[in-house]
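Notes to accompany the following structure.
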Amino acid sequence: MGERSRSEIPFLKDGAGEPPRSDEFELTLMGSGYGESIVSHIGGGVWVVVDSCLRADGEPQPLSYLAGLGVSAEAVSLIVATHWHDDHIGGLSRLVERCKQARFVCSAALAEREFLGIVASLDDGSVQKGIKSGVREMRRVFSLLNDRRVPHRAMANQRIFQAGECEVWSLSPGHQTFNRFLKSLAEQIPRVGEAKGHVLSLSPNEVSVALWLRAGDVVALLGGDLERDGWRQILASEARPAARASAFKVPHHGSQNADEPAVWEELLVRDPVAALTPWNLGGRSLPLPRDVERIVSYTSRAYATGLRRAPSRTKRPPMVERELRQRGGAPTRTEARHGLVRLRRSLKGCCDWRVETFGAAIRLGSAAA
Amino acid sequence: MFQSGMATLAAQCPEDEELQESASFQRSVGARHLLDDEARRAIPEAKPLDAETAARPAQYVAPEAEGSGLIEANDETGLSPDVRSLPAPWMERASLHALQEWEGYVVAIRDKEFQARLLDLTAEAAFPDEEATILLEEISDRDAAMMRVGSIFRWVIGYERSPAGAKKRVSLIVFRDLPRLTEADVRRGAEWASEVAQRFRS
C-alpha cells in the first residue's frame with residue numbers, strides 16, 4: 001500500500017491528501033449511507049482503524065484513505081470491530097489481511113463459543129455467491145487470525161492497546177449486558193432442518209464496543225452503535241477512564257435510542273466536535289430531522305459524512321424500465337453521496353480541533369443540512 | 001395490415017428499442033410471428049406443392065425450420081424427401097435472454113409486499129446498494145409461504161424466446177432453495193467455534 005496517488009481520492013483537494021504530523025491526532029470518519037469506518041492517527045505514526053466499509057468498487061474505504069495519504073497498511077497497529085452488523089464490517093477481512101501488523105479486537109460477546117457456533121452453522125459455501133454476508137466476512141476474519149495474530153476480546157473498562165503516550169480503552173460491553181446476551185443466544189441457535197439465508201443481524205447493538213482514545217492531552221470518544229442502556233452502564237461505572245473527550249463519534253447514526261443526555265454532560269467537554277454517519281435500509285433512514293435538531297442542541301460543532309438525499313435510480317434499457325413500472329416501481333439507490341469528516345489537532349492540546357469536510361460531508365445545523 | 005402498421009410505428013419511434021426489436025424480428029420471420037400470445041398459435045405456412053407431388057397422398061411440406069431434420073425418402077411409404085419433421089415444441093426449451101439481473105435478500109415483509117435489498121449482477125456491483133418494494137403477487141405461492149426475512153432470490157428481466165421463435169417479455173423472481181441446516185453443519189460449526197474461541201485473549 002502507499003503506492004496509490006493521492007489524486008485517486010477524488011474529493012480530496014490538492015494538498016488535502018497530506019498525512020498528519022507525528023505529533024498530531026487525527027480522527028477521520030467515513031461513510032456513505034450504509035457503511036461506517038473510522039481511521040485515527042494517535043501520534044508517532046500509529047494508526048487505528050475502527051470498523052470497515054466498502055467503496056463502490058469494493059475496496060475497503062479505510063485502506064483507500066490511508067493509501068491516498070501515502071500511509072502504508074503496515075502502519076495500522078489496531079483494528080477494532082465494534083459489532084458484526086453488515087454496515088460496519090464491509091471489507092473487514094481484507095483490512096485484517098493487509099494490515100498485517102495490526103492487533104484485532106472485537107466485542108467479547110462475539111468471541112463466545114456459543115455465538116461463533118451459531119455463525120459457523122449458518123454459513124455455507126453454496127450460499128450467497130452474489131451477496132456477501134457478514135457471516136462469511138466474519139469467518140474469513142477469524143481464519144486469518146491464528147497463533148501469530150492473536151485476536152483480543154473487549155469488555156468494559158479494559159485497556160486494549162497502548163503505545164507510548166497513546167492508549168485505547170474499551171468502555172463496553174458491560175458484564176450485565178454481556179450476561180444477558182449469552183442467555184439470549186439459546187433462543188437464536190438455529191434448528192436442524194431450518195433453511196439458511198442471509199443473516200441480517202448477527203449481534204445486537206447492546207454488545208457494541210465504545211472506545212476511549214487518548215494521545216497526549218487529547219481524548220476522543222467513539223460510540224460505535226451502542227444504545228442508551230449501554231451508555232448508562234458506562235456512566236455508572238467507576239472504573240472507566242476519567243478524562244473527558246473533546247471529539248465524539250455519535251453512536252448509532254444519531255438515533256434517539258442511542259441518545260443519553262448525561263453522556264454530553266459527563267463524558268464530553270463543553271461544545272465538543274461531534275460527527276456521525278447516516279444509515280439507510282428498507283425505507284428507513286437515520287438520523288431523522290428531530291435527531292439532527294437534538295444533536296445540534298448539544299453542540300454547535302456537529303458534522304455528518306452525508307445525509308440521505310432523495311432516492312436515485314439507475315437508468316436501464318426501456319424494456320426493463322417498462323417492466324419495472326408494471327410491477328411496482330424501479331429499485332432505488334438509497335445511499336447519500338460519500339463523504340469524510342476529518343479532525344486534526346496537536347497532541348499537546350494547545351490548539352483546538354481543525355475540522356475538514358470532504359465530498360458530501362456537511363455541518364449539521366447549516367442551511368445545507 | 002399489422003405488418004405495415006408495425007413498420008410505420010417503428011419508423012415513427014426510432015428511439016423505442018423494444019419496438020425496433022419487434023419490427024426487425026417481424027421483418028426477418030414474416031408477419032405471422034407476433035410478440036404476444038398470438039405468436040404461440042402461429043403455424044408456419046406450407047409451400048404449395050408441384051403438380052406431381054400434389055398427386056401423391058397429402059403431405060405436409062414445411063419451410064425451413066430451426067431444428068428440423070430431413071427424412072430420407074422411404075420407398076414403402078412413398079414420402080417425399082421434401083417432407084421434414086417438425087421439431088416437437090414441447091421437446092425444445094424456451095431460451096431466456098436476460099437484460100437485467102439482481103440477487104436480493106428480504107429485509108421486511110408486509111401484507112401485500114416485501115422489501116428487498118438488491119445487488120445489481122448485470123452492473124457487477126460490489127455490494128447491494130439498491131432497494132425495491134415488490135408485490136407478493138409477483139412471486140409463487142410456494143415462495144410466498146416459505147419466504148422470511150433474510151431469504152435470498154434472483155430477479156431477472158428479459159426476453160423469453162419460445163421454440164417457435166416468439167419473443168415475450170418476462171420478469172422472473174425465483175427464491176433460492178437454500179440448503180437446510182444438518183446435524184453435521186451444527187457439529188462442524190461447534191468444532192470451528194471451539195477452535196476460534198480458544199485463540200482469543202482478553
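Remember, predicted model here, so these are calculated numbers, not experimental data. Below, read A as the first sequence line, B as the second, and so on, with proteins coming before strands; counting in each chain starts at 1. These values consider heavy atoms only, across backbone and side chains, with no hydrogens, waters or symmetry-generated copies.
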Using salt bridge (charged side-chain N to carboxylate O under 4.0 Å, His left out) as the criterion, list what pairs up with D120(B), not counting sequence neighbours. R316(A)

Measure the CZ-CH2 distance between R139(A) and W192(B) for me, rounded to the nearest 0.5 Å. 5.0 Å

If you tally heavy-atom pairs under 4.5 Å between each of A111(A), G117(A), A154(A) and chain B, the highest tally belongs to A111(A)

Kindly give the heavy-atom pair with the smallest separation between A197(B) and L116(A), and that separation in Å. N-CD1, 3.9 Å

Structural part of E183(B) lying under 4.5 Å from a heavy atom of chain A: both

Measure the CG-CH2 distance between L324(A) and W155(B) for me, rounded to the nearest 0.5 Å. 5.0 Å

How many angstroms lie between atom CD of Q100(B) and atom CD of E321(A), to the nearest 0.5 angstrom? 9.5 Å

Distance col, row R322(A):CZ vs I157(B):CD1, nearest 0.5 angstrom, shows 12.5 Å

With sequence neighbours left out, what residues match R159(A) under salt bridge (charged side-chain N to carboxylate O under 4.0 Å, His left out)? E167(A)

Between R191(A), R113(A), M155(A), Q158(A), which shows the greatest number of heavy-atom pairs under 4.5 Å with chain B? R113(A)

A116(B), A132(B), S194(B), A190(B): which one forms the most heavy-atom pairs within less than 4.5 Å of chain A? S194(B)

